[in-house]
Amino acid sequence: MLRDRRTAAKALHVHPDAPILFFDSGVGGLSVLAPTRALLPRAPLVYVADSAAFPYGTRSEEEIAARVPALLGRLVERYRPRLAVIACNTASTIALRHVRAALEIPVVGTVPAIKPAAEQSHNRVIGVLGTEATVRQPYVDDLATRFAGDCEVLRHGSAELVTLAEAKLAGETVAAEDVAQAVAPLAVRGDMDVVVLACTHFPLLAEELRSALPRAAQVDGGSGIARRIAHLTEDQPWPVQPPLGIAVFTGAPPRSPLASTLARFGLTRLEHL
Ligand code: DGL
């Protein structure tokens with residue numbers, strides 16, 4: 001009861017224009033922003049791509065653990081979000097704890113959807129397709145032990161797929177053979193009936209991955225995260241009309257095909273940090 005009153009009191013202090021801030025190394029986090037926007041159409045949105053440090057998947061744990069909390073601290077100061085979403089499995093599996101310790105607002109992470117994958121698998125063979133950094137994390141070992149103890153969990157990290165997803169959203173054509181080659185080590189396992197898209201870039205290549213891994217159902221965290229955000233903000237006020245969504249790049253500004261893609265996600269104001 002006391003807790004309910006506190007939550008309600010806190011909700012009153014959230015300004016309707018306070019945005020939800022999404023953070024990724026590149027455009028992958030749009031696969032988390034899209035279902036959130038569908039569920040909360042009046043939510044003001046700020047999307048941040050740490051393009052100056054892209055890609056995260058080939059970086060060391062130390063680099064990510066130092067960079068991500070510091071950057072989020074600056075972003076929270078600038079945009080005053082009501083909630084931050086680390087829409088990146090690599091950053092979440094390495095730095096979620098550090099970010100939560102550094103920020104005073106709620107922080108939602110994106111971690112490999114191993115639990116729902118194990119719940120769906122008939123063959124008890126699931127794939128975890130992420131970045132090289134993500135698939136080697138103890139966080140993933142822990143999820144596999146807790147939720148997929150009776151499954152064979154195949155892990156595969158691919159930097160190439162991240163590059164292909166960025167290229168697709170920048171308006172380039174992605175060759176089916178390139179995607180097939182990137183997932184070849186998983187494709188040889190015909191008994192793998194579920195694959196976890198454990199990098200937020202990969203749902204952006206869902207169709208291409210369906211052709212490359214036709215026997216595996218795909219699972220990702222996007223809609224679950226959207227529901228979690230809706231739950232955490234359920235008593236909070238929203239503007240009648242959402243303001244223009246903001247896309248922030250830490251590196252070079254996006255060129256026109258990518259800018260048009262961002263506009264389709266409601267992100268029409270481009271800023272630099
Ligand atoms: N989108 C990110 C993830 O979910 C990372 C991609 C990268 O920068 O390597 O892991």
Side-chain angles (χ1 to χ4, degrees), residues 21-36 47-69 71-72 75 84-99 107-114 117 127-140 143 155-170 174 178-179 182-183 186 195-206 208-209 218-226 228 247-252 254 258 261-262 265 267:
L21 186 142
F22 293 80
F23 178 87
D24 183 34
S25 58
V27 296
L30 294 173
S31 71
V32 180
L33 177 139
T36 308
Y47 183 84
V48 183
D50 185 13
S51 49
F54 172 88
Y56 278 2
T58 50
R59 291 185 181 275
S60 70
E61 280 72 0
E62 291 72 24
E63 280 175 285
I64 291 169
R67 182 174 179 89
V68 173
L71 201 48
L72 272 158
L75 289 161
V85 185
I86 306 184
C88 172
N89 289 261
T90 311
S92 298
T93 54
I94 295 172
L96 184 57
R97 261 186 316 123
H98 309 295
V99 174
V107 180
V108 176
T110 308
V111 297
I114 291 176
V128 177
L129 179 61
T131 64
E132 287 136 306
T134 295
V135 297
R136 67 170 181 256
Q137 292 313 309
Y139 205 121
V140 177
L143 291 174
R155 299 170 192 217
H156 179 57
S158 171
E160 176 63 12
L161 273 185
V162 176
T163 308
L164 292 173
E166 289 278 326
K168 182 177 176 180
L169 266 63
V174 170
D178 291 343
V179 175
V183 297
L186 290 180
V195 62
V196 181
L197 304 185
C199 168
T200 53
H201 278 74
F202 299 168
L204 304 171
L205 292 172
E208 292 83 350
L209 285 166
Q218 299 175 3
V219 175
D220 72 79
S223 49
I225 293 171
R228 176 85 189 130
V248 185
F249 283 71
T250 60
L258 178 54
T261 304
L262 293 167
F265 286 85
L267 305 168

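Everything numeric here is computed off the predicted structure, so don't read it as measured data. Indexing begins at 1, ligand by ligand and atom by atom, following the structure's order.
- For the residue pair Thr90 and Thr131, a side-chain donor N or O sits within less than 3.5 Å of a side-chain acceptor on the partner.
- Annotation: salt bridge (Lys or Arg N to Asp or Glu O under 4.0 Å) contacts of Glu208 (sequence neighbours excluded): Lys168.
- Classification of the Tyr56-Phe23 ring pair by plane angle, with boundaries at 30° and 60°, yields tilted.
- Listed by chain and residue number, the protein contacts of ligand 1 are Asp24, Ser25, Phe54, Pro55, Tyr56, Gly57, Cys88, Asn89, Thr90, Thr131, Val162, Cys199, Thr200, His201 (heavy atom within 4.0 angstrom).
- Exactly one residue among Val107, Ile94, Leu71 makes a side chain to side chain contact (heavy atoms under 4.5 Å, CB included) with Val99. That residue is Val107.
- Residue pairs that meet the salt bridge (Lys or Arg N to Asp or Glu O under 4.0 Å) test with at least one member in residues 51-69, sequence neighbours left out, are Asp50-Arg67, Arg59-Glu63, Glu61-Arg136.
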When the side chains of residues 157-165 are checked against the rest of the protein, which donor-acceptor pairs come out under 3.5 Å, sequence neighbours left out?
{"residue": "Ser158", "atom": "OG", "partner": "Glu160", "partner atom": "N", "Å": "3.4"}
{"residue": "Ser158", "atom": "OG", "partner": "Leu161", "partner atom": "N", "Å": "3.1"}
{"residue": "Thr163", "atom": "OG1", "partner": "Ala159", "partner atom": "O", "Å": "3.2"}

